[in-house]
Amino acid sequence: MDEINVSSFIKKWLASKNIEKLYINGRWEETKSKKRIKVKNPATNEVIAEVGSASKVDVEAAIYAARNAFDSGEWSKSSAYERSSLLNKVADKIEAHLNEFVEIETLNNGKTLKESKGDVEGAVATFRYYAAIIIGATGETLQVGEPFVSKVVREPIGVCGQIIPWNYPLLMAAWKLAPALAAGNTCILKPSEVTPLTSIRLFEILETLSLPPGVINLVNGTGNNAGQPLVESNEVDKIAFTGGTETGKKIMQHSVGNLKKVSLELGGKSANVIFADADYETALDHATFAIFNNSGEVCSAGSRLLVQKSIYEQFVKDLIVATKKIKVGNGFKQGSQMGPLVNEQQLKKVKAYIDIGKQEATLACGGNQLIGEGYEKGNFIEPTIFIDVDPRARIAQEEIFGPVLTVIPFETEAEAIKIANDSPYGLAAGIFTDDGSKAERVSTALRVGVTWINTYEQNLIEGPWGGYKESGIGRELGTYGLEEYMEVKQMINTLKVEPTNWFTHENE
Ligand code: NDP
């Protein structure tokens with residue numbers, strides 16, 4: 001561990017008892033298996049903590065607790081005002097402990113302190129947003145004609161299993177818990193085995209807010225031992241998952257037992273399209289931000305950069321200059337702009353794709369693991385650019401999930417649309433142009449869930465987030481994200497209480 005930069009509070013906390021436990025039914029519990037998972041600092045690959053690894057028995061205990069808590073109605077039938085007030089308290093508490101969360105996230109994920117701070121602030125904003133909108137949530141009355149009256153109400157779904165990845169550990173926990181709790185569900189959160197620490201701290205904070213036992217549960221552990229039992233259980237009413245597309249497909253298959261609701265936020269290979277008439281400096285700046293922020297470990301990373309041929313040569317030159325200036329280093333170090341990859345496995349994967357890229361296209365910058373002073377044992381890699389990439393090449397089709405950019409030239413608007421849509425994924429896209437009509441045309445033609453015009457990676461809590469095609473099912477954030485945690489019930493009444501006489505009258 002970086003002794004200089006981690007506060008003494010965090011050092012003590014990492015050795016505290018809750019780290020090894022699971023939070024089930026309002027208590028910190030030992031895992032039945034007594035197994036541990038080693039958690040590492042990606043900047044040094046040193047073990048920083050050993051967390052409990054849930055077995056199927058532990059997960060079943062969490063499901064039982066969540067089921068009872070839901071059925072008791074204490075939370076699920078509480079007023080929107082009570083739930084809103086609780087969510088605001090969660091936001092207040094995270095804010096009060098902001099620096100702790102920032103440090104833990106950088107220590108566990110590797111991202112820079114600036115990136116971690118953005119995530120923690122995003123988590124606070126998510127709890128506040130759902131606290132606000134649940135107060136205003138209403139049903140509807142339909143004009144169906146007398147004698148009938150029809151009203152539509154929304155109810156919580158029930159027990160929600162929430163499985164999250166390692167790239168935005170706290171933020172993803174907030175995206176899952178805030179709308180689910182706002183709607184009155186009970187939750188079982190399964191963080192990535194690689195990055196469980198901010199979730200543990202979050203649950204310590206949630207514990208102080210006196211929620212009824214069983215409303216929130218935390219099961220740290222592996223995908224197979226902790227994730228899969230959640231997905232397979234007939235007592236779980238909904239699974240919300242963020243992670244890789246292959247895992248998402250398995251989750252759909254394993255959840256058919258009780259036809260539970262499934263929402264999936266999966267991978268991407270998003271196109272960022274730069275037209276010659278774009279504001280050049282803005283487009284250049286966003287092109288680097290789109291792929292290299294969070295070390296490229298972003299589902300919506302602008303990993304396919306499409307540049308119009310008339311500016312291609314100069315744009316690529318300037319892109320390389322800008323990329324070479326990015327300072328890679330320990331996320332705790334002042335001045336670091338890009339941290340290490342999350343673990344050795346991810347580093348290996350990214351290096352393998354760089355090797356593939358060398359066969360398929362021209363390596364224009366980067367491509368190497370960083371070793372030597374400051375990088376000794378961590379998972380550091382240079383921001384990497386491949387140019388003149390064939391749109392059908394593997395590095396242009398497959399999600400690398402690292403700081404590797406593929407640059408593809410195009411001539412016309414129609415060609416740009418064709419290339420951008422030629423992907424199994426459909427999460428997001430960027431469009432840079434000074435021509436408003438062209439921006440609208442391209443934005444409309446792209447088969448993706450989110451488009452950004454003259455900007456990139458603006459993640460607005462108020463709007464829907466999710467993908468077309470193999471990038472997922474369902475939406476998070478906004479009112480759309482709340483709907484994913486609610487059942488819709490139509491209640492029909494009549495103003496005229498009378499028999500139908502269907503079987504007692506002669507047929508006409
Ligand atoms: P996964 O999709 O494997 O993991 C995401 C979450 O699902 C983790 O909590 C994981 O557990 C859990 N999980 C894994 N298998 C199962 C299962 N059978 N049933 C239930 N839950 C399961 O992503 P990885 O972390 O392994 O990364 C693999 C690739 O996925 C990355 O290289 C990247 O391409 C992509 N990815 C995409 C993300 C996105 O936001 N779109 C986010 C993260 C990864 P655990 O990790 O604890 O084993």
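Atoms within each ligand, like the ligands themselves, are counted from 1 in listed order.
Within the listing of ligand 1, atoms 5 (C), 40 (O) sit less than 4.0 angstrom from a heavy atom of Thr242. Contact atoms of ligand 1 toward Asn167: 40 (O), 42 (C) (distance under 4.0 Å to a heavy atom of the residue). Residue-ligand proximity, Lys349 to ligand 1, at heavy-atom distances under 4.0 Å covers atoms 31 (C), 32 (O), 33 (C), 34 (O). Counting the atoms of ligand 1 from 1 in the order shown, those under 4.0 Å from a heavy atom of Pro165 are 42 (C), 43 (C). Those atoms of ligand 1 that come under 4.0 Å of a heavy atom in Gly267, given as number and element, are 41 (N). Close approach to Gly221 involves these atoms of ligand 1, each under 4.0 Å from a residue heavy atom: 47 (O). Listed by number with element, the atoms of ligand 1 under 4.0 Å from a non-hydrogen atom of Thr247 are 1 (P), 2 (O), 3 (O), 13 (N), 14 (C), 15 (N), 16 (C), 22 (C). With ligand atoms numbered from 1 in the order given, ligand 1 contributes 32 (O) to contacts under 4.0 Å with heavy atoms of Gln346.
Protein heavy atoms come within 4.0 Å of atom 9 (O) of ligand 1. When distances from atom 28 (C) of ligand 1 to the protein are checked, no heavy atom turns up under 4.0 Å.
Where the criterion is an N or O separation shorter than 3.5 Å, residue side chain and backbone included, Ile400 fails it with respect to ligand 1. The distance criterion of under 3.5 Å between nitrogen or oxygen atoms is not met by Thr222 with respect to ligand 1. For ligand 1, the polar-atom distance check against His254 finds no nitrogen or oxygen pair separated by under 3.5 Å. Geometrically, ligand 1 and Gly223 share a nitrogen or oxygen pair separated by less than 3.5 Å. Inclusion of Ile164 in the set of residues having an N or O under 3.5 Å from an N or O of ligand 1 is warranted.
Using bins of under 30°, 30° to 60° and over 60° for the plane-to-plane angle, the ring pair Phe289/His286 lands in the perpendicular bin. The aromatic rings of Trp465 and Trp175 lie perpendicular to each other, with more than 60° between the two planes, well past the 30° mark.
Ranking protein heavy atoms by distance to atom 46 (O) of ligand 1, first place goes to Ser192 OG, 3.6 Å. Looking at atom 38 (C) of ligand 1, its nearest protein heavy atom turns out to be Phe401 CZ, 3.3 Å. Closest to atom 30 (O) of ligand 1 among all protein heavy atoms lies Gly244 CA, 3.2 Å. The single protein non-hydrogen atom nearest to atom 39 (C) of ligand 1 is Cys299 CB, 3.4 Å, given as residue, atom name and distance. When hydrogens are left out, the protein atom nearest atom 34 (O) of ligand 1 is Glu399 OE1, 2.9 Å; that is the closest non-hydrogen contact. Closest to atom 25 (O) of ligand 1 among all protein heavy atoms lies Trp166 NE1, 2.4 Å. The protein non-hydrogen atom at the shortest distance from atom 48 (O) of ligand 1 is Glu193 OE2, 2.6 Å. Ile163 CG2, 3.6 Å is the protein heavy atom nearest to atom 12 (C) of ligand 1.
We find that Glu121 and Lys117 are joined by a salt bridge, their nearest charged nitrogen and carboxylate oxygen being less than 4.0 Å apart. A salt bridge does not link Asp355 with Lys351: none of the charged nitrogens is closer than 4.0 Å to a carboxylate oxygen. Between Glu476 and Lys176 there is a salt bridge, since a side-chain N of the basic residue sits under 4.0 Å from a carboxylate O of the acidic one. A salt bridge does not link Lys111 to Glu297: none of the charged nitrogens lies less than 4.0 Å from a carboxylate oxygen. Using a 4.0 Å cut-off between charged side-chain N and carboxylate O, Lys261 and Asp237 make no salt bridge. A salt bridge is defined here as a Lys NZ or Arg NE, NH1 or NH2 lying under 4.0 Å from an Asp or Glu carboxylate O, and Glu399 with Lys269 fails to meet this definition. Between Glu46 and Lys377, at least one side-chain nitrogen of the basic residue sits less than 4.0 Å from a carboxylate oxygen of the acidic one, meeting the salt-bridge criterion.
No part of Thr245 comes within 4.0 Å of ligand 1, judged by heavy-atom distances.
Between Ser471 and ligand 1 there is no heavy-atom distance shorter than 4.0 Å. Residue contacts with ligand 1: Tyr168 is excluded, as none of its non-hydrogen atoms falls under 4.0 Å. Residue Pro191 places a heavy atom under 4.0 Å from ligand 1.
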Would you sort out whether Glu30 and Arg36 count as a salt bridge (Lys or Arg N to Asp or Glu O under 4.0 Å), showing the intermediate values? CA-CA 11 Å; Glu30 277 291 343; Arg36 300 276 180 267; 3.4 Å; yes

Side chain to side chain donor-acceptor pair (under 3.5 Å), that's the test. Do Ser55 and Ser33 meet it? Break it down for me. CA-CA 6 Å; Ser55 61; Ser33 68; 4.8 Å; no

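Defined by atom type and a distance below 3.5 Å, a donor-acceptor pair is missing between the side-chain atoms of Thr245 and Glu470. No side-chain donor-acceptor contact under 3.5 Å links Asn217 and Asn25. Judged purely by distance below 3.5 Å, without hydrogens or angles, the side chains of Glu457 and Ser300 pair a donor atom with an acceptor atom.
In this structure, the side chain to side chain contact (heavy atoms under 4.5 Å, CB included) partners of Ala301, at least two apart in sequence or on a different chain, are Ile291, Val298. Taking the side-chain hydrogen bond (donor to acceptor under 3.5 Å, both in side chains) definition, one finds that Glu115 meets it with Thr112, sequence neighbours left out.
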